[in-house]
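Quick note: numbers below take in every heavy atom, side chains included, and nothing from hydrogens, waters or symmetry partners.
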Amino acid sequence: MELPEATNFIEQYINEDLASGKYEGRGNQIVVRFPPEPNGYLHIGHVKALCINFGVKEKYNGKINLRMDDTNPAKEDYEYVNSIIDAVKWLGFEYDNLFFASDYYDKLYEIAEKYIMDGNAYVCDLTAEEITATRGTLTEAGKESPYRNRSVEENLKLFREMRDGVYPDGAKVLRAKIDMSSPNINMRDPVIYRIAHVPHYRQGDKWCIYPMYDFAHPVSDALEGITHSLCSLEFENHRPLYDWVIEKAGFAQPVPRQIEFARLNITNTLMSKRYLKKLVDEGFVSGWDDPRMPTLMGLKNRGVPPMALRKFCADVGVAKNYGVVNIAQLEECVRDELNTTAERAMAVTDPVKLTITNYEGEEELDFEKNPTDGSGATRPVKFTGSVYIEKSDFALEPPPKFKRLFKGGYVRLKAAYIVRCDDVVLDEKGEVKEILCTYFPETRSGSEVKSEVKAKGVIQWVDAKYGKDAEFVTYKPLLKDEEYPDQDYAERLNCDSIRITEGKVEPYAAESSDKSFQLMRTGYYKACGCASGKARLSEIVSLKDNFNK
RNA sequence: UGGGGUGUCGCCAAGCGGUAAGGCACGGGAUUUUGAUUCCCGCAUUCGUAGGUUCAAAUCCUGCCACCCCAGCCA
């Protein structure tokens, strides 16, 4: 059998399993799943798991299920399942099935009764506190529950009464009967069913007992015929329990195999749902889709192309080392993707007026949409000889090797003409108020005419007459230093992803649904490409806040 | 200090007994109507550490050290 070349340890395991012939009865089909709990929004950390799972599906021509791991009714809702589905689709992933763990409640219940009848589970009356107290510690074994040896009949009766709503929340639980002295605390008779008189968003009032993750997850995997259950490192300690649950449930071989990998961490990026929620709840951001949030909705609104996120995950790779990827690596992927796909636009964020004294009338210039795609496609840009340029593109006292404009110097206005600065108008404070220039008609962009006039640099501009209609959306600082919810998180909060920029203003398109940004010059985001073509930054940038001072 | 994991360049990460891939970052040079892009070139005699086995070790063995995870009726 032809095995694809493994590029990470997970694929190595899969290849070994395939080579062993254990899936021959199933046509050697690999089946994986992506199992989020619909209790929140997907963020960039989830993209790694998505890429790994969908990557396996692609590579092995297998199947993948999107499964909502909805076993805790208190936290879950359709709002989240819809948002998760949208996010997965936005990333361009196509799953084979959409499943819900809650659809397995009947089967799960049946298996729980089997556990009882096989003597592998018992109803325990201990309170949550008592269970904790008798669980033992990292170094001491736990104590067996006094209810551990109830008869099968009694257990069955009690469990059915639990199901029928006879007991209040917390009165009883169903526990797996494993080993209270196991060095692995997860094996010390873990709770597998709890009572919760809470309606489920999909099952309504049908149940008042709900299965725990450690029980529901392996069973769900087995029911779906999952071959490889990929999850993050913190579940390594649960693997023996995962295997136990499947074995005692009596599933036929081959059963799913759990493999763990390190989750994604990015410098200065908050991946904790708890703190992200706090930002939303306390009004630090406009919502889960605020472009400063590391949620997929936020990244989308910020203009990050989905393919950039996928490339990022591919670049980062899969391993078991705890690592923190520098956000520069993500940014490079965004730039790379945008460089080849985004339409270019000119933008000015800190403007100063430049007037060409020998220019009259107005004209339309051709602006190349994307110099890297080879299409040569252009769009018209109006030019009236009176424009705004970036303040930093002009220097009263040019430093050595300065390539842009200064008095007596030449520069090209991108897609337009080369201009020479003849004079500068200063205001009462000595700040540059207006730059007066002469332009050279023969240097028109695209002109074949040879000119003696040369310019070392090229700068962006926005026409003073036609660029003014636009609106400029600015970021406000997210939090002041003393307002961080927790000092430990201050550093991580102070990050690019959620735009705590110490008051620094950065542009972003608020209305368009499909925005993108590009790092045009080292140090700051300047121009914006827009796939939808609706809002180019030259239109967004503006003028409102900055130009009328 | 019980158990489970992990330690390879500033950051990710290949490597699986035969003499350290790649990406990001960084530095240098060329091209350039974005100081962008593109393009070359440079960037670990060394793999947590101390020993051992071997002709040969990041890869095998042993002992240390460091960091992460586990005591929810969350997932």
Task: Test applied, ring-ring contact (aromatic ring centres under 6.0 Å, His included); reference residue, A:Y193; option that passes from A:F215, A:Y115, A:Y210, A:Y213 - done: A:F215
Task: Residues in contact with RNA chain B, drawn from residues 171-183 of chain A - heavy-atom cutoff 4.0 Å - done: A:V173, A:P183
TODO: Please check if the side chain of A:D70 supplies one atom and the backbone of A:S102 the other of a donor-acceptor pair under 3.5 Å.
DONE: yes
- [ ] List in chain and number order the residues that pass ring-ring contact (aromatic ring centres under 6.0 Å, His included) with A:Y201, two or more places apart in sequence or in another chain; answer none if no residue qualifies.
- [x] A:Y78
- [ ] Ignoring backbone atoms, test whether A:N321 places a side-chain nitrogen or oxygen under 4.0 Å from the OP1 or OP2 oxygen of B:G7.
- [x] yes
Open item on the list: If you only use heavy atoms from C-beta on, which nucleotide in B:C11, B:A75, B:C70 is closest to the side chain of A:Q329?
Closed with: B:C11
Task: Lys/Arg-Asp/Glu bridge criterion (N-O < 4.0 Å) met for A:K382, A:D463 - done: no
Can you name the atoms? Protein N/O to nucleotides 39-42 of chain B N/O, anything below 3.5 Å, with the distance.
none

Open item on the list: Taking donor-acceptor contacts at under 3.5 Å, does the side chain of A:T139 reach the base of B:U1?
Closed with: no
Task: Side-chain N,O (A:R263) to OP1/OP2 (B:A75) below 4.0 Å - done: no
Task: Any-strand Watson-Crick or G-U partner of B:U31, both distances under 3.5 Å - done: none
- [ ] For the side chain of A:R194, starting at C-beta, report the closest nucleotide among B:C70, B:C74, B:U1.
- [x] B:C74
Task: Selected nucleotide, minimal atom distance to A:F235 side chain, candidates B:A25, B:A75, B:C73 - done: B:A75
Open item on the list: Would B:G72 be called syn or anti here, given the cut-off of 90° from 0?
Closed with: syn
Using distance only, find each side-chain donor-acceptor pair of residues 321-330 of chain A under 3.5 Å and give its atom names and separation, not counting sequence neighbours.
| from | atom 1 | to | atom 2 | distance (Å) |
| --- | --- | --- | --- | --- |
| A:N326 | OD1 | A:A328 | N | 2.9 |

Give every pair of a protein N or O atom and an N or O atom of nucleotides 57-60 of chain B that lie under 3.5 Å apart, one pair per line with the distance.
none

Open item on the list: Whether A:E37 and A:K75 form a salt bridge (side-chain N of Lys/Arg under 4.0 Å from carboxylate O of Asp/Glu) is what I want to check.
Closed with: no
Task: Residue pairs, two or more places apart or on separate chains, that pass salt bridge (Lys or Arg N to Asp or Glu O under 4.0 Å) and touch residues 126-148 of chain A - done: A:E144-A:R148, A:R148-A:D189
TODO: Using only heavy-atom distances, decide whether a donor-acceptor pair under 3.5 angstrom links the side-chain of A:N237 to the base of B:G3.
DONE: yes
